[in-house]
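Heavy atoms only: backbone and side chains are in, while hydrogens, waters and symmetry mates are out. The first residue of the sequence shown is numbered 1, and numbering continues consecutively from there. Because the structure is a prediction, the values reported are computed rather than measured. Just so you know, ligand 1 is whichever comes first in the structure, and atom 1 is the first atom listed for that ligand.
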Amino acid sequence: MLIYGTDHFVLPLPPAHRFPMRKYALLRQRVAAVAAEKLREPAPVTDTDLARVHDPAYIAAVVTGTLDARALQRIGFPWTPAMVERSRRSSGATLAACRSALASGCGINLAGGTHHAHRDFGAGYCVFNDSVVAIRALQAERAIDRALIVDLDVHQGDGTAALLAGDPSVFTLSLHGRGNFPFRKQMSRLDVDFADGTGDAAYLATLAIALPRALEVARPDLAIYLAGADPFEGDRFGRLALTKRGLAARDRFVLDALRRNRVPVAITMAGGYAHDDEDVVDIHFATVSIALESFAPAARDATRAVA
Ligand SMILES: [Zn+2]
């Protein structure tokens, strides 16, 4: 299992900006302390990779810095060459994590999950849609036919849903808060929306119904799991009330279900906007730790022996 970090590619932000760029370096430091030998730096995706998913005029405007003020405001980041490089590396990390998953069962991107990026515009801190870019690259090289996206970020994966609408080869599952951005939702193959204040028990009970159903219909060669930290009760934008323990149970349930069904999984971190950056890092680090445990060779052999 390989783990891809992109925190060397920092997106310069003004001091008062709400995006927690700091979390990526903190997370990599904690991962380095337990699994340094698995850490890698990803290659950037190419224009060819991007063009399977995004409009050529949009790609050109991002790359050359000619997005207009409204388009940049919708993304939420100021344009810099570093913003372009980071966006390419972040999609590259998801693609590399997918390759690691196909080779070993699991791969991790310590960033990614940019699910609000649409074909011809970015939104909500998302420039390119890393999940769809990765899936299209792997389909183009015939490494996979079918895929499943398990989007458990608290915001709906609207860009992903729109990009994959009408494509039976990729099943999109999104569990999100009803009252959250984006306020105009798209249609995933399976959407579950939660009321404000939903806690661990209701969330986990719903997931336990939704994920098996998605797996049965999707019959995927690969899954991408967006393990958002923003359903957390301490999140500034999430509006749900999951605890750290509940989020860990969520991760364990998803990774166990995929492993039992022999579906390789690439994990991306997606959102997390708790008041304290350390809480976000704790939640993401727990996801990585659970994956390391679940996909350790010993755990895999034990599962096989039981099966
Ligand atoms: Zn989110």
Side-chain angles (χ1 to χ4, degrees), residues 6 11 13 17-24 27 73-77 86-87 90-91 93-94 108-118 121-132 149-163 172-186 188 190-199 203 206-207 210 224-244 246-248 250-251 254 266-277 279-288:
T6 49
L11 192 161
L13 294 173
H17 200 283
R18 321 191 269 194
F19 189 79
M21 191 55 67
R22 208 176 139 249
K23 78 176 185 181
Y24 298 105
L27 176 60
Q73 196 183 18
R74 197 163 190 182
I75 290 171
F77 294 140
R86 183 185 159 78
S87 301
S90 184
S91 285
T94 298
I108 299 178
N109 175 2
L110 297 179
T114 44
H115 58 170
H116 302 307
H118 285 66
F121 66 93
Y125 307 141
C126 303
V127 179
F128 302 131
N129 196 304
D130 61 323
S131 297
V132 187
I149 296 177
V150 180
D151 187 339
L152 302 190
D153 186 277
V154 81
H155 302 99
Q156 195 210 23
D158 60 333
T160 309
L163 283 165
T172 50
L173 168 64
S174 179
L175 272 61
H176 49 264
R178 189 178 304 154
N180 284 338
F181 176 92
F183 301 107
R184 185 147 50 102
K185 309 272 193 284
Q186 300 288 327
S188 313
L190 182 53
D191 284 299
V192 178
D193 60 349
F194 292 108
D196 288 4
T198 298
Y203 187 101
T206 306
L207 176 64
I224 298 179
Y225 171 33
L226 282 71
D230 48 12
F232 176 52
E233 57 188 349
D235 197 86
R236 279 178 287 168
F237 308 138
R239 310 177 77 99
L240 301 191
L242 275 72
T243 64
K244 288 182 184 177
L247 288 163
R250 172 199 71 169
D251 293 340
V254 171
I267 306 172
T268 62
M269 297 298 114
Y273 310 94
H275 295 280
D276 185 346
D277 281 347
D279 282 332
V280 180
V281 175
D282 282 350
I283 295 164
H284 289 323
F285 182 67
T287 303
V288 175

Would you mind checking if K244 and D282 are paired as a salt bridge, meaning a charged N to carboxylate O distance below 4.0 Å? yes
Are side-chain N/O atoms of T114 and D130 paired as donor and acceptor at under 3.5 Å? yes
How would you list all residue pairs meeting salt bridge (Lys or Arg N to Asp or Glu O under 4.0 Å) that involve residues 149-163, not counting sequence neighbours? none
Would you list the pairs meeting salt bridge (Lys or Arg N to Asp or Glu O under 4.0 Å) in which at least one residue belongs to residues 226-243, sequence neighbours left out? D196-R239
What pairs with F19 under ring pair (Phe, Tyr, Trp, His ring centres under 6.0 Å), at least two apart in sequence or on another chain? F77, Y125
How close do I149 and S131 get, heavy atom to heavy atom, and via which atoms? CD1-CB, 4.0 Å
Please list, in chain and residue-number order, the protein N/O/S atoms closer than 2.8 Å to the Zn ion (ligand 1). D153 OD1, D153 OD2, H155 ND1, D230 OD2
